[in-house]
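Take a look at the structure set out below.
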Amino acid sequence: MFYREAGQFKTTYQSDGQIFPIRQDRIALAGLLVLALAIVPLFASPYMLSAILIPFLIFSLAALGLNILTGYCGQLSLGTAAFMAVGAFASFNFIARLPGIPMLLAFVLGGLCAAMVGIAFGLPSLRIRGFYLAASTLATQFFVVWCLTKIPYLTNYSSSGVITAQKIVIFGYQFDTPASKYVLVLAIVALMALLAKNMIRSNVGRSWMAVRDMDVAAEVIGFRPMRTKLLAFAVSSFYCGVAGALYAYAYLGTVEPEAYNLDLSFRILFMIIIGGVGSVLGSFLGAAFIVLLPVFLNILAHGLSLPTSVASNLELMVFGALIIFFLIVEPHGLARLWQVGKEKLRLWPFPH
């Protein structure tokens, strides 16, 4: 059964004599998830799975974590890669020091360690904001990388600092193929994205947005800014920590400090700016754009036979131009453009 309410088509199902509405976009989302789980691993090549789809999902999770902090709570952070590094190295050490620990539990514990680090470095947000908060989180990036390179225990006394990640074994099954790793990463990212979506719709999410819009007014109406900001840092760092563990185990295959440099933090920041600040969908759209754009630019440079000096800097120039474009023309990013396009298609060809 279909009916129209508030300009949106819905479908219904019946249970115990009662009719319950289901939003059509949720049905579409569930269909896409089933398609991604069942169809994509069968037809996608190993290169597409390991070089495009897996990093896209991992970066989407990291961008979602940063979007929770920056987009929904209004706390600018430049230390995303540092929290990812904490999650990766903590997961490695839990697996190495505690034989027999389930790998999923190690990922969760790595995320919790990143959350604790996020709370510690989120304390300055209680007094400073804006550019000064960004500078303090930038210090987090340098401090965490310094600790990982100077404390041998964290790198299992490796002379080079580069450690081979353990095999991914969950419930006795070894995830050693690109398809199996893709399914694992997709399941984790989908679950955490669903949790984030529900959290944003809850009282917690409303408190984040109230503090983002006007923290003094939020405190007047009963929200506690200190607890709200620290909770945002904790949840954001947890998401980034799990993303960092997946980045090391499902994509790189190694655990190394240099993989979580400042460039990675800026790339994830670009993802939420281009995709849409304060949007779960924007995190995925921005990650897809950032992952696919270098592939497209590489093909374009070879097709146009551009000089090596131009081709090597083409990606940086395009990224810079896109950041300026979205900040001026469409601050809400690709998510807003997608919403506008969807509304226009819904009304086409009869706009009235």
Side-chain angles (χ1 to χ4, degrees), residues 51-85 87 118 130-131 133-142 144-145 189 193 196 212 232 236-237 239-241 243-244 246-247 251-252 258-301 311-339:
I52 296 179
L53 294 179
I54 291 178
F56 153 66
L57 291 171
I58 294 172
F59 288 146
S60 298
L61 184 61
L64 179 57
L66 179 60
N67 225 338
I68 289 174
L69 180 63
T70 301
Y72 288 101
C73 194
Q75 309 301 305
L76 183 60
S77 173
L78 296 178
T80 308
F83 302 128
M84 293 176 66
F131 170 78
L133 179 60
S136 69
T137 55
L138 185 62
T140 308
Q141 175 70 39
F142 295 114
V144 169
V145 173
V189 172
R212 175 197 64 188
S236 171
S237 302
Y239 273 67
C240 293
L246 293 176
Y247 188 62
Y251 179 59
L252 295 177
E258 292 302 320
Y260 305 93
N261 52 22
L262 183 61
D263 179 67
L264 181 60
S265 293
F266 279 111
R267 287 182 67 188
I268 297 173
L269 180 62
F270 294 161
M271 290 175 191
I272 68 169
I273 293 176
I274 294 176
V277 178
S279 170
V280 174
L281 176 62
S283 303
F284 288 87
L285 293 178
F289 192 88
I290 296 298
V291 170
L292 293 176
L293 183 62
V295 178
F296 171 75
L297 293 179
N298 187 28
I299 296 173
L300 180 64
S312 60
N313 295 309
L314 183 61
E315 181 179 341
L316 296 177
M317 292 187 292
V318 172
F319 277 160
L322 287 173
I323 293 297
I324 296 173
F325 171 80
F326 279 104
L327 287 177
I328 295 176
V329 178
E330 186 49 78
H332 296 288
L334 293 174
R336 177 59 180 170
L337 296 179
W338 168 259
Q339 183 180 2

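- Expressed to the nearest 0.5 Å, how far CD1 of Ile58 lies from CG of Leu252 amounts to 8.0 Å.
- In terms of heavy atoms, Leu64 sits closest to Ala196 at CD2-CB, 3.9 Å.
- Here the side chains of Val280 and Tyr72 are in contact, with some heavy-atom distance below 4.5 Å.
- Counting only distance, with no hydrogens or angles, the side chain of Asn67 and the backbone of Gly276 share a donor-acceptor pair below 3.5 Å.
- Separating the CZ atom in Phe142 from the CG atom in Asn261 is a distance of 10.0 Å, to the nearest 0.5 Å.
- Proximity of Leu269 to Leu66: side-chain heavy atoms (C-beta onward) are separated by under 4.5 Å at one or more points.
- Rounded to the nearest 0.5 Å, atoms OH (Tyr239) and OG (Ser60) are 13.0 Å apart.
- Contact record, Leu262 with Leu78: CD1-O, 4.1 Å, taken as the closest heavy-atom pair.
- Atom CD1 in Ile274 sits 12.5 Å away from atom OG in Ser283 (nearest 0.5 Å).
- Nearest heavy atom pair, residue Val144 against residue Ala85, reads CG1-CB, 4.4 Å.
- For the pair Ser236 (side chain) and Ile68 (backbone), a donor-acceptor distance under 3.5 Å is absent.
- Ring pair Phe83/Tyr260: centre-to-centre distance not below 6.0 Å.
- In this structure, Asp263 contributes its side chain and Phe266 its backbone to no donor-acceptor pair below 3.5 Å.
- Counting only heavy atoms from C-beta outward, the side chains of Val189 and Phe59 never approach each other to under 4.5 Å.
- In this structure the side chain of Leu246 never reaches within 4.5 angstrom of the side chain of Leu57, judged on heavy atoms.
- Smallest separation of non-hydrogen atoms from Gly282 and Ser279: N-OG, 3.0 Å.
- The shortest distance between side-chain heavy atoms of Leu281 and Gln339 does not fall below 4.5 Å.
- Rounding to the nearest 0.5 Å places CD1 of Ile272 at 11.5 Å from CD1 of Ile290.
- Side-chain contact between Thr80 and Leu264 is absent, with no heavy-atom pair separated by less than 4.5 Å.
- The shortest side-chain heavy-atom distance between Leu285 and Phe289 does not fall under the 4.5 Å cut-off.
- Once rounded to the nearest 0.5 Å, the distance linking CG of Leu334 with CD1 of Ile273 reads 12.0 Å.
- The two residues Gln141 and Ser265 have their closest heavy-atom pair at OE1-OG, 2.9 Å.
- When all heavy atoms of Thr137 and Ala134 are compared, the pair lying nearest together is OG1-O, 2.8 Å.
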